[in-house]
Amino acid sequence: MRDAYHEELDSIGDGLVEMARLVGSAIGRATTAILDSDLKLAESVIEGDQKVDNLQHELEARAIALLARQQPVATDLRIVVTSLRMSADLERSGDLAQHVAKLARLRFPARAIPHDLHATILEMGQLAQRLMAKAAEVIITKDVDLALQLEQDDDAMDLLHRTLFQHLMDDRWKHGIETAVDVTLLGRYYERYADHAVAVAKRVVYLVTGEHADELQQEMQSVAGVEGA
């Protein structure tokens, strides 16, 4: 019975990894769709989000069944509860990728992104995909150090987000209000997507250590300060 129980716990982890990989692929493809005005690719991202939603529902059902049947305590309870929260973060990431694709579809056959912002949006899309790939690796490896690194990586996304606003506020902006709204929304989608990837990594820290990532980082900084004194 215990072997079957732990196999079920492992299967929940496998489902989270699959979700992370799906939403990572989705944001990459959505970025290509928005930059290239690729309607077929945009539609595939939009339709593919249903698979992410289905996976989340399956994970929730498994987790709730485990809670009911096994009444886990301590570490096992932490795994189940944290997995439920991670699945919600990943599902929301998939929604954000879908939003990017829907914007591409809305503006088709025109390109939603002006040429002078093409490189910035491309970089945001690539960074979002890398962050989610790291989050998937963290779920697999339970590497706390790697998990804590994601927040630092997210600083690069925040910088890119600010760069977009600098373009929008520039007196030389000549692309009109509609495009300004599109760019504002896109920046928010990518920034929130990155936040969800970081949240997943932080939840793994809690799963492994029983401490919240922010508290653990403060402790590590305090120890480093004492050792450096």
Side-chain angles (χ1 to χ4, degrees), residues 3-30 45 48-67 70 72-98 125-157 189-217 220:
D3 287 345
Y5 168 54
H6 284 288
E7 284 177 9
E8 191 67 18
L9 279 178
D10 290 342
S11 75
I12 290 174
D14 292 341
L16 291 171
V17 172
E18 185 177 358
M19 284 184 74
R21 288 174 173 163
L22 284 171
V23 300
S25 172
I27 197 66
R29 290 182 294 120
V45 174
D49 188 57
Q50 187 60 51
K51 185 173 182 179
V52 176
D53 293 344
N54 291 342
L55 268 172
Q56 188 201 17
H57 296 156
E58 290 172 15
L59 286 175
E60 284 181 343
R62 279 190 227 157
I64 290 169
L66 273 180
L67 289 171
Q70 303 291 341
V73 295
T75 301
D76 288 349
L77 179 61
R78 197 160 69 231
I79 291 171
V80 175
V81 173
T82 303
S83 295
L84 283 169
R85 292 174 175 168
M86 283 194 284
S87 74
D89 282 312
L90 293 167
E91 189 274 335
R92 183 59 185 145
S93 299
D95 287 345
L96 290 163
Q98 186 185 55
Q126 291 174 339
L127 178 57
Q129 197 168 5
R130 288 198 302 273
L131 283 167
M132 193 55 73
K134 276 192 176 182
E137 185 178 351
V138 167
I139 296 170
I140 294 168
T141 63
K142 307 295 188 296
D143 187 329
V144 171
D145 290 334
L146 181 61
L148 294 175
Q149 286 175 20
L150 258 77
E151 191 159 15
Q152 296 175 348
D153 295 339
D154 184 47
D155 291 342
M157 184 65 83
Y189 297 155
Y190 285 114
E191 188 263 342
R192 289 298 299 141
Y193 183 101
D195 286 346
H196 284 295
V198 172
V200 168
K202 284 184 172 183
R203 296 192 197 285
V204 173
V205 172
Y206 176 70
L207 188 155
V208 173
T209 67
E211 294 186 74
H212 293 289
D214 294 341
E215 296 169 355
L216 185 61
Q217 283 178 315
M220 293 169 65

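Hydrogens, waters and symmetry mates are skipped; everything else that's a heavy atom, side chains included, is used.
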*Nearest heavy-atom neighbours spanning Ala201 and Ala147*: O-CB, 3.5 Å
_Which atom of Ala194 lies closest to which atom of Leu131, heavy atoms considered_ = CB-CD1, 3.6 Å
*Hey, does Ile27 have a side-chain heavy atom less than 4.5 Å from the side chain of Tyr190?*
yes
*Asp53 versus Asp95: any side-chain heavy-atom pair under 4.5 Å?*
yes
*Is there a donor-acceptor contact under 3.5 Å linking the side chains of Asn54 and Gln50?*
yes
*asked:* So Thr75 and Ile79, do their side chains get closer than 4.5 Å, heavy atoms only?
replied: yes
*Start with the C-alpha gap between Val45 and Asp49, add the side-chain angles, then the distance that decides, and say whether side-chain contact (heavy atoms from CB on, under 4.5 Å) holds.*
CA-CA 6 Å; Val45 174; Asp49 188 57; over 6 Å; no
Would you list the atom pairs, donor with acceptor, under 3.5 Å between side chains in residues 11-24 and any protein atom, with sequence neighbours excluded?
from: Ser11; atom 1: OG; to: Glu8; atom 2: O; distance (Å): 2.7
from: Ser11; atom 1: OG; to: Arg62; atom 2: NH1; distance (Å): 3.2

*How far apart are the closest heavy atoms of His196 and Arg92, and which atoms are they?*
NE2-CG, 3.0 Å
*Taking all non-hydrogen atoms of both residues, which atom of Met132 and which atom of Ala197 are closest, and how far apart?*
CE-CB, 3.9 Å
*Report yes if some heavy atom in the side chain of Tyr206 is under 4.5 Å from a heavy atom in the side chain of Glu211; otherwise report no.*
no
*Which pairs with one or both residues in residues 125-143 pass salt bridge (charged side-chain N to carboxylate O under 4.0 Å, His left out), sequence neighbours excluded?*
Lys134-Asp153
*Write down the atom of Met86, the atom of Val204, and the distance for their closest heavy-atom approach.*
SD-CG2, 3.7 Å
*How long is the span from the OG atom in Ser87 to the NE2 atom in His57, to the nearest 0.5 Å?*
9.0 Å
*asked:* Does this structure show an ion pair linking Arg192 with Asp195, if we count only N-O contacts that are shorter than 4.0 Å?
replied: yes
_Smallest separation among heavy atoms of Val52 and Leu90, with atom names_ = CG1-O, 4.3 Å
*Answer yes or no: is there a donor N or O on one side and an acceptor on the other, between the side chain of Arg203 and the main chain of Thr82, under 3.5 Å?*
no
